[in-house]
Amino acid sequence: MKFEDQHALDKPADVVIRMYTDRKFFERKYKETGCWDIEVLECEKTDTQFRIKCRYATRSSSNNLPAFAQKFLGESATVVQQDVWDLRSRTGRLDIEIKGAPVRIVADMTLKDAAKGAVNAMQWNVSCGIPLIGGKLEKLVADDIKSKSSNDARVSRNILADY
């Protein structure tokens, strides 16, 4: 299932990319969005690239998961997320693994200056190869991502004030 999302941020892209490539931003963002058991597994930055891989626990935004989905997507989940940014082009990629869920989640990101600050445009792709229920799992995961997006953007804007 493919979908698009955008986070509007109120500072220029040069400032936003500085935040997006700061380990402390990720630790703070995950905590402020309600995650727990947050651990940075890997983090490296060169002149041209930034990469961070984190593990955290989070709750599903859906309180009424269908019975077939409860086997794969419980009320809470352990997530491993890797963010990679090309610093020159300001393009990035998210790779997200939900432990125990047979879904693949990726998002290609493009950070650009906008009239008022910057916009991070995200092209999401949620896929599941299980016949019959795969499409339903994809939709549940995509809906969870969409429902958390505005809070994620709000927290990011709050943190951005410190940059």
Side-chain angles (χ1 to χ4, degrees), residues 1-9 16-45 49-85 91-111 120-130 132-163:
M1 169 173 259
K2 295 182 180 188
F3 64 96
E4 297 178 7
D5 192 13
Q6 290 188 352
H7 287 181
L9 302 150
V16 176
I17 198 71
R18 204 166 55 235
M19 177 181 76
Y20 280 169
T21 59
D22 183 356
R23 174 186 175 138
K24 291 181 184 354
F25 161 70
F26 290 89
E27 294 168 326
R28 184 173 166 191
K29 181 182 87 159
Y30 292 137
K31 183 177 180 183
E32 291 184 22
T33 56
C35 300
W36 66 97
D37 290 340
I38 303 158
E39 182 180 0
V40 174
L41 303 173
E42 301 170 18
C43 185
E44 59 186 13
K45 187 174 185 178
Q49 186 182 62
F50 173 79
R51 184 179 69 83
I52 189 165
K53 189 175 204 177
C54 300
R55 179 177 49 229
Y56 55 89
T58 186
R59 293 198 196 302
S60 170
S61 63
S62 176
N63 293 332
N64 300 325
L65 284 175
F68 79 90
Q70 289 178 7
K71 177 179 177 183
F72 304 109
L73 308 169
E75 291 178 16
S76 65
T78 299
V79 175
V80 176
Q81 178 171 325
Q82 177 172 267
D83 294 53
V84 178
W85 282 97
T91 57
R93 183 174 182 107
L94 297 174
D95 284 291
I96 302 171
E97 174 191 358
I98 302 171
K99 294 290 188 178
V103 293
R104 176 165 164 73
I105 307 164
V106 296
D108 291 315
M109 303 178 290
T110 304
L111 180 64
N120 184 8
M122 295 165 274
Q123 305 290 323
W124 289 91
N125 188 4
V126 179
S127 58
C128 178
I130 298 177
L132 302 176
I133 65 165
K136 293 176 184 176
L137 281 174
E138 290 171 7
K139 183 174 180 351
L140 286 168
V141 170
D143 288 348
D144 188 63
I145 292 167
K146 291 174 188 177
S147 72
K148 292 176 178 176
S149 180
S150 63
N151 186 49
D152 187 89
R154 181 189 59 76
V155 168
S156 294
R157 281 190 295 273
N158 289 345
I159 296 171
L160 184 58
D162 294 340
Y163 287 82

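Any value given below was found using the heavy atoms of this structure, including those in side chains, with hydrogens, waters and symmetry copies removed.
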Below 4.5 Å, heavy atoms only, C-beta onward: do [X] and [Y] meet side chain to side chain?
{"X": "I145", "Y": "V126", "answer": "yes"}
{"X": "Q123", "Y": "V106", "answer": "no"}
{"X": "V16", "Y": "L160", "answer": "yes"}
{"X": "F26", "Y": "C43", "answer": "no"}

For K139, check side-chain hydrogen bond (donor to acceptor under 3.5 Å, both in side chains) against everything at least two apart and list the hits.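 Per chain and number, K139 pairs via side-chain hydrogen bond (donor to acceptor under 3.5 Å, both in side chains) with D143.
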The criterion is side-chain hydrogen bond (donor to acceptor under 3.5 Å, both in side chains); which residues satisfy it with K45, sequence neighbours excluded?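 Checked K45 against side-chain hydrogen bond (donor to acceptor under 3.5 Å, both in side chains); matches are T21.
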Chi angles and distances behind the side chain to side chain contact (heavy atoms under 4.5 Å, CB included) call for E97, T78: CA-CA 8 Å; E97 174 191 358; T78 299; over 6 Å; no
Any idea how Y20 and F25 line up, ring-wise: parallel (<30°), tilted (30 to 60°), or perpendicular (>60°)?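 The rings of Y20 and F25 sit tilted, inter-plane angle from 30° to 60°.
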Let's go through K148 and D144 carefully: what are the C-alpha distance in whole Å and the side-chain angles of both, what is the deciding distance for salt bridge (Lys or Arg N to Asp or Glu O under 4.0 Å) to 0.1 Å, and is it a yes or a no? CA-CA 6 Å; K148 292 176 178 176; D144 188 63; 3.1 Å; yes
Can you tell me how far [atom2] of [Y] sits from [atom1] of [X], rounded to the nearest 0.5 angstrom?
{"X": "I159", "Y": "E32", "atom1": "CD1", "atom2": "CD", "value": "4.5 Å"}
{"X": "E39", "Y": "E27", "atom1": "CD", "atom2": "CD", "value": "10.5 Å"}
{"X": "R55", "Y": "I38", "atom1": "CZ", "atom2": "CD1", "value": "12.0 Å"}
{"X": "E44", "Y": "R23", "atom1": "CD", "atom2": "CZ", "value": "12.5 Å"}
{"X": "N151", "Y": "S156", "atom1": "CG", "atom2": "OG", "value": "9.0 Å"}
{"X": "Q6", "Y": "T110", "atom1": "CD", "atom2": "OG1", "value": "10.0 Å"}

Give me each pair satisfying salt bridge (charged side-chain N to carboxylate O under 4.0 Å, His left out) with a member in residues 149-163, each pair once, sequence neighbours excluded.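 Qualifying pairs, neighbours excluded: R28-D162, K29-D152.
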Could I get the full list of ring-ring contact (aromatic ring centres under 6.0 Å, His included) partners for Y163, not counting sequence neighbours?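 Checked Y163 against ring-ring contact (aromatic ring centres under 6.0 Å, His included); zero matches.
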Residues which pass ring-ring contact (aromatic ring centres under 6.0 Å, His included) with Y30, listed by chain and number, not counting sequence neighbours: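 Y30: ring-ring contact (aromatic ring centres under 6.0 Å, His included) contacts with Y56.
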Would you name the heavy atoms of C128 and P102 that are closest together and state the gap between them?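 The answer is SG-O, 3.2 Å.
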What pairs with E138 under salt bridge (charged side-chain N to carboxylate O under 4.0 Å, His left out), at least two apart in sequence or on another chain?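 Result, salt bridge (charged side-chain N to carboxylate O under 4.0 Å, His left out) vs E138: none returned.
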Assess whether side chain to side chain contact (heavy atoms under 4.5 Å, CB included) is satisfied between Q81 and L94, documenting all intermediate values. CA-CA 7 Å; Q81 178 171 325; L94 297 174; 3.4 Å; yes
Please report the C-alpha distance between I96 and W124 in whole Å, then the side-chain angles of each, then the deciding distance to 0.1 Å, and finally whether the side chain to side chain contact (heavy atoms under 4.5 Å, CB included) criterion is met. CA-CA 11 Å; I96 302 171; W124 289 91; 3.8 Å; yes
